[in-house]
Amino acid sequence: MKGFIFDLDGVLLSTDELHYQAWKRIADKVGIPFDRKDNDRLRGVSREASLEIILEKYDGQLSAAEKEDLCNEKNEYYKELLHTLNEDTIDPAVRDTLSFLRKEGYRLAVGSSSKNTKTILQRTKLADYFDAVSDGNNITKSKPDPEVFLKAAEYLFLKPEECFVVEDAEAGIDAAVAGGFCPIGIGPASRYRKTKFPIGKISELKEIAVKAEPQLQK
Ligand code: BG6
Ligand code: MG
């Protein structure tokens, strides 16, 4: 194994609550019931697909243009909330683990559905840990399609079978399996049957990395 591809939201930091607050404002405005349990279903799902899930509880009909407006409005709220993020938002164990993996010679990438990935990496000062970023801006199909991870592997000049994928969402694990990657699950994904290596905390990646006995180009 030569690389690690990290999902962003729910793995490197928790943005669930920010997504929830932004979607809640939209749901309240349209008059749709929406709670944190509903929000859990949006994990790993694209912005547009998230709106479709929220609209399952809506009686009326919305045009494509109205849906686009709601997605844009949600993103404006979400971007305001992203201003609350900074270096201290990141659990020190995340930085420690990323440094360790780099020192071991692994190539690291982010593979996220979020179109806000680069903003988040910059605000939290995580950008420099990664050799490549594949995100919602360079894909046409969202997870569970493997496109975002296949692009990440390509940017790292690695084959899928040489990379671990670290995910918190079932849709992300499905994407990793579909692309031929080795799936590591944290949080909800640690309880998913398709996850090969379930972990309780991110520092457990160090042990997995050492056991994978990489023949790395340092
Ligand atoms: C994923 C989140 O990382 O990104 C989803 O888990 C979110 O909840 C998706 O919908 C898209 O994010 P954004 O920032 O492009 O709206
Ligand atoms: Mg996630």
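Both ligands and their constituent atoms are indexed starting at 1 by order of listing.
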Less than 4.0 angstrom from a charged side-chain N to a carboxylate O is my criterion; do [X] and [Y] meet it?
X    : Y   : value
R36  : E17 : yes
K201 : D91 : no
E76  : K79 : yes
K115 : E48 : yes
R41  : E56 : yes

N, O or S atom within [X] nearest to the Mg ion (ligand 2), by name:
X    : answer
D9   : O
D7   : OD2
D168 : OD1

Consider ligand 1: state whether an atom of it lies below 4.0 angstrom from any non-hydrogen atom of [X].
X    : answer
G136 : no
V45  : yes
G44  : yes

| message | Keeping R43 on the side-chain end and D168 on the backbone end, is there a donor-acceptor pair under 3.5 Å? | response | no
| said: Treating D131 as the side-chain partner and L108 as the backbone partner, does any N or O pair qualify as donor plus acceptor under 3.5 Å? | reply: yes
| task | Using a 4.0 Å heavy-atom threshold (strictly under), name the region of S112 that reaches ligand 1: side chain, backbone, both or neither. | result | side chain
| said: Taking 4.0 Å as the limit for heavy-atom contacts, which would you say applies to H19 with ligand 1: side chain only, backbone only, both, or neither? | reply: side chain
| field | Contact check: N75 vs ligand 1, nitrogen or oxygen atoms, below 3.5 angstrom | value | no
At less than 4.0 angstrom from any non-hydrogen atom of [X], what atoms of ligand 1 do you find?
X    : result
N116 : 13 (P), 14 (O)
S50  : 10 (O)
Y78  : 14 (O)

Which protein non-hydrogen atom lies closest to [atom], naming both residue and atom, and how far is it?
atom                    : value
atom 8 (O) of ligand 1  : L42 O, 2.9 Å
atom 16 (O) of ligand 1 : R47 NE, 2.8 Å
atom 15 (O) of ligand 1 : K115 N, 2.7 Å
atom 3 (O) of ligand 1  : D9 OD2, 2.6 Å

| message | Please say yes or no: joined through hydrophobic side-chain contacts below 4.5 Å, possibly via intermediate residues, are L121 and I202 part of one cluster? | response | yes
| query | Do Y129 and I5 belong together in a cluster built from hydrophobic side chains that touch within less than 4.5 Å? | reply | no
| field | Heavy-atom side-chain contact between M1 and I208 under 4.5 Å | value | no
